[in-house]
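Accompanying notes for the structure given below.
Throughout, numbering of the chain's residues begins at 1 and tracks the sequence. Given the structure is predicted, the values throughout are model-derived calculations rather than measurements.
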Amino acid sequence: MKKVSIVLPCYNHEKYIGEAIESVLQQTYSNFELFIFDNGSTDYSWNIIQKFVDPRTRKIRLNENNLLEVKRQFIEMASGEYFAIMHSDDIWMKEKLEKQMQFFDENKEARVCFTWSKYVDEYLNDIEGLEEFFYEHNKTEQEWWETFLERANHLSCPSLVCERNIYIEYFGKLYPYRQIADFYCWMKILEETNLYIVEEVLVNQRVHHHGVNMNESAHTTENNSRELLELKYIMYKIFDEMKDRTFLKYFCRVNERCPCSTHLDILCQKFLFMVKRSQKFTYECDNVIRYYNTYFDYEENGHIFYQYLNDNYGFSRNDFFEYEGREGDLVRKLKSRTLRWVSLENTDFSTIKYPDSISIYGCGQIGKIFSKKIREFCHVEQFIDMRPQIGDYDGIPVVTLDMAKLDKKSVIVVIPSYDLTQIIGQIKEQFSYISDNNIIGFEAFVEKGKILDMKF
């Protein structure tokens with residue numbers, strides 16, 4: 001059997017670290033070594049760690065919470081052909097490693113393997129609405145790229161087992177990202193090899209929304225703002241660093257007049273790809289401007305980027321200046337989104353006078369969380385979305401506007417309120433019997449002073 005080296009860092013998780021260690025030691029696949037790092041905990045974590053005397057364990061105590069030092073020492077001491085990541089508050093099913101190592105044996109091309117995971121609370125109860133968050137299916141490389149570019153990251157870090165050199169290359173260092181560093185790693189790994197999944201729940205992954213153990217990915221205003229910024233920079237970095245052959249294989253759309261035959265062609269195609277993405281993900285407008293300025297005077301074989309882009313791809317400096325002028329609108333939208341997150345956190349939803357039922361226009365994260373907060377007070381009939389990615393959310397139909405069911409008594413709460421005028425126009429054009437009184441912007445809905453005066 002091939003040896004697996006497992007890293008398990010712990011910081012002030014005395015309530016959970018014992019369970020986490022036991023779940024590893026009880027694995028049916030026994031050829032592993034477990035490195036348990038206490039990262040300067042100030043509770044009784046280290047005392048609990050020391051109680052485990054299994055010869056397959058190595059226990060290391062650091063003076064401070066330093067993940068880079070954990071990675072450095074783990075790589076230096078580990079002898080396994082495969083590496084795995086464990087979290088100090090999660091639980092592995094006893095067959096996890098056995099099933100993954102069997103997968104590697106049966107799929108010789110596989111170098112990275114995940115499993116399905118399940119979000120649970122601190123008492124290991126399922127969390128409503130998140131039961132299938134990590135239920136990704138195996139895909140081709142092309143399908144993975146399409147998934148990731150929709151900003152969907154449904155791979156569970158504590159389910160990962162990978163070849164030793166993959167871990168060293170992509171996990172053996174720190175990144176300037178707090179919320180979604182693993183998302184960046186998945187895409188970097190995908191450039192090198194496909195990603196594989198054992199499609200079975202083999203990890204219980206705890207979620208702490210509040211308190212001292214709150215997850216770094218918990219939905220707070222600060223975390224959500226940070227995640228949006230990190231997403232923007234990660235997407236820029238991924239495409240800026242992407243090898244020409246990768247871009248050619250998965251993204252390059254050959255121009256009839258100018259095939260992608262040179263590195264300069266690839267740079268131009270990357271730029272135009274970013275422009276197209278920014279039409280859907282407006283937060284990435286910054287990436288377009290940054291990329292153009294970075295490569296503006298790049299020269300290759302006597303050709304300069306900006307001139308080559310103009311002559312061969314029809315994008316001029318004036319086109320860029322026009323594009324650049326839209327950035328002010330981007331800032332306004334970003335600020336509006338941040339204010340909506342603040343409203344979600346600060347509103348006492350029990351004080352609002354509700355209609356019997358509502359429809360919600362806007363099916364993003366804010367729309368879903370807004371729905372969860374009000375569903376004990378009124379019925380949500382449907383989500384209306386411009387480009388729905390799912391057919392239903394927690395039993396509520398997700399439909400396009402032309403498929404929506406609205407009548408004269410319908411109350412529609414519009415979540416993306418920065419487009420409120422445009423959206424009201426779309427709704428009224430589609431449903432002539434809907435008036436302004438039926439449509440309420442999100443900000444107005446959660447402002448108690450205004451909502452009390454509204455008549456449903």
Side-chain angles (χ1 to χ4, degrees), residues 4 6-8 16 19-20 22-24 26-29 32 82-107 109-148 150-163 166-167 170-171 179-187 189-190 193-209 215-218 365 368 389-395:
V4 181
I6 306 161
V7 59
L8 198 174
Y16 316 109
E19 281 185 292
E22 286 177 2
S23 76
V24 175
Q26 292 172 4
Q27 291 294 299
T28 54
Y29 189 93
F32 65 81
Y82 289 86
F83 280 16
I85 298 171
M86 179 54 166
H87 293 167
S88 56
D89 59 342
D90 295 337
I91 304 292
W92 280 359
M93 306 299 124
K94 63 182 181 179
E95 305 91 355
K96 175 188 181 291
L97 284 183
E98 180 180 358
K99 292 190 175 184
Q100 286 180 283
M101 298 313 292
Q102 180 181 350
F103 185 89
F104 282 121
D105 286 341
E106 294 173 355
N107 299 271
E109 75 282 4
R111 303 173 62 194
V112 178
C113 180
F114 299 85
T115 76
W116 286 355
S117 295
K118 185 168 59 174
Y119 269 140
V120 295
D121 63 20
E122 65 173 313
Y123 305 107
L124 301 180
N125 300 311
D126 292 355
I127 296 180
E128 182 184 358
L130 295 176
E131 295 91 343
E132 299 184 2
F133 185 84
F134 289 117
Y135 285 21
E136 282 282 13
H137 295 280
N138 283 293
K139 309 175 191 291
T140 64
E141 289 98 323
Q142 181 73 54
E143 290 169 336
W144 276 120
W145 279 117
E146 291 169 359
T147 298
F148 289 153
E150 288 296 319
R151 301 181 168 194
N153 177 22
H154 296 167
L155 294 174
S156 169
C157 193
S159 78
L160 172 71
V161 176
C162 65
E163 287 183 354
I166 293 285
Y167 180 93
Y170 300 106
F171 294 96
Q179 303 300 128
I180 50 174
D182 56 343
F183 188 36
Y184 175 73
C185 288
W186 307 154
M187 286 189 282
I189 293 170
L190 186 57
T193 183
N194 199 4
L195 310 176
Y196 295 89
I197 299 173
V198 174
E199 296 179 2
E200 184 177 345
V201 177
L202 296 172
V203 178
N204 278 335
Q205 193 166 333
R206 277 191 171 101
V207 176
H208 312 277
H209 291 298
N215 298 79
E216 289 187 351
S217 57
Q365 278 187 320
K368 292 175 183 177
Q389 302 295 316
I390 53 177
D392 70 272
Y393 171 67
D394 202 14

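Without hydrogens or angle criteria, T115 side chain to S159 main chain gives no donor-acceptor distance under 3.5 Å. With hydrogens and angles ignored, the 3.5 Å screen pairs no side-chain donor or acceptor of W144 with any backbone N or O of L190. Not a single donor-acceptor pair under 3.5 Å links the side chain of Q100 to the backbone N or O of I197. Of the possible donor and acceptor atoms, none in the side chain of N107 sits under 3.5 Å from a partner among the backbone N and O of E109.
In this view, K139 and E136 satisfy the salt bridge (Lys or Arg N to Asp or Glu O under 4.0 Å) rule, not counting sequence neighbours. Shown here are the ring-ring contact (aromatic ring centres under 6.0 Å, His included) partners of F32, two or more places apart in sequence or in another chain: there are none.
How far NZ of K118 is from OH of Y135: 6.0 Å, rounded to the nearest 0.5 Å. Considering CD of E22 and NZ of K94, their distance stands at 14.0 Å, rounded to 0.5 Å. L202 CG to E98 CD: the interatomic distance, rounded to the nearest 0.5 Å, is 10.5 Å. To the nearest 0.5 Å, atoms OG1 (T28) and CE (M101) are separated by 12.0 Å. Atom CZ in F103 sits 5.5 Å away from atom SG in C113 (nearest 0.5 Å). Taking CG of D90 as the reference point, atom CD of Q205 lies at 5.0 Å (rounded to 0.5 Å).
Counting heavy atoms from C-beta on, the side chains of H87 and W92 never come closer than 4.5 Å. Annotation: side chain of C157 is in contact with side chain of W186 (closest heavy-atom distance under 4.5 Å). You'll find the side chain of D182 stays beyond 4.5 Å of the side chain of L155, heavy atoms only. For the pair L160 and F83, the minimum side-chain heavy-atom distance is 4.5 Å or more. Side chains of F171 and V7 form no contact here, defined as non-hydrogen atoms less than 4.5 Å apart. Contact of the E199 side chain with the H137 side chain is registered, since non-hydrogen atoms from C-beta on lie closer than 4.5 Å. Two residues are said to be in side-chain contact when any heavy atoms from C-beta on lie closer than 4.5 Å; V203 and I91 fail this criterion. At least one side-chain heavy atom of N204 sits under 4.5 Å from a side-chain heavy atom of M93.
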Would T147 and H154 count as a side chain to side chain contact (heavy atoms under 4.5 Å, CB included) if you check the C-alpha gap in whole Å, the side-chain angles of each, and the deciding distance to 0.1 Å? CA-CA 9 Å; T147 298; H154 296 167; over 6 Å; no
Step by step, would you call Y29 with V4 a side chain to side chain contact (heavy atoms under 4.5 Å, CB included)? CA-CA 9 Å; Y29 189 93; V4 181; 4.1 Å; yes
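The heavy-atom pair separating R206 from D89 by the smallest distance is NH1-O, 2.9 Å. Closest approach of D126 to V120, counting heavy atoms only: OD1-CG1, 4.1 Å. Scanning all heavy atoms of the two residues, the minimum distance from A20 to S23 falls at O-OG, 2.8 Å.
A tilted orientation is assigned to the rings of F104 and Y82, their planes being inclined by 30° to 60°. Between Y119 and F133, the angle of the ring planes lies from 30° to 60°, which puts this pair in the tilted group.
Aromatic ring centres of Y170 and Y184 lie farther apart than the 6.0 Å criterion allows.
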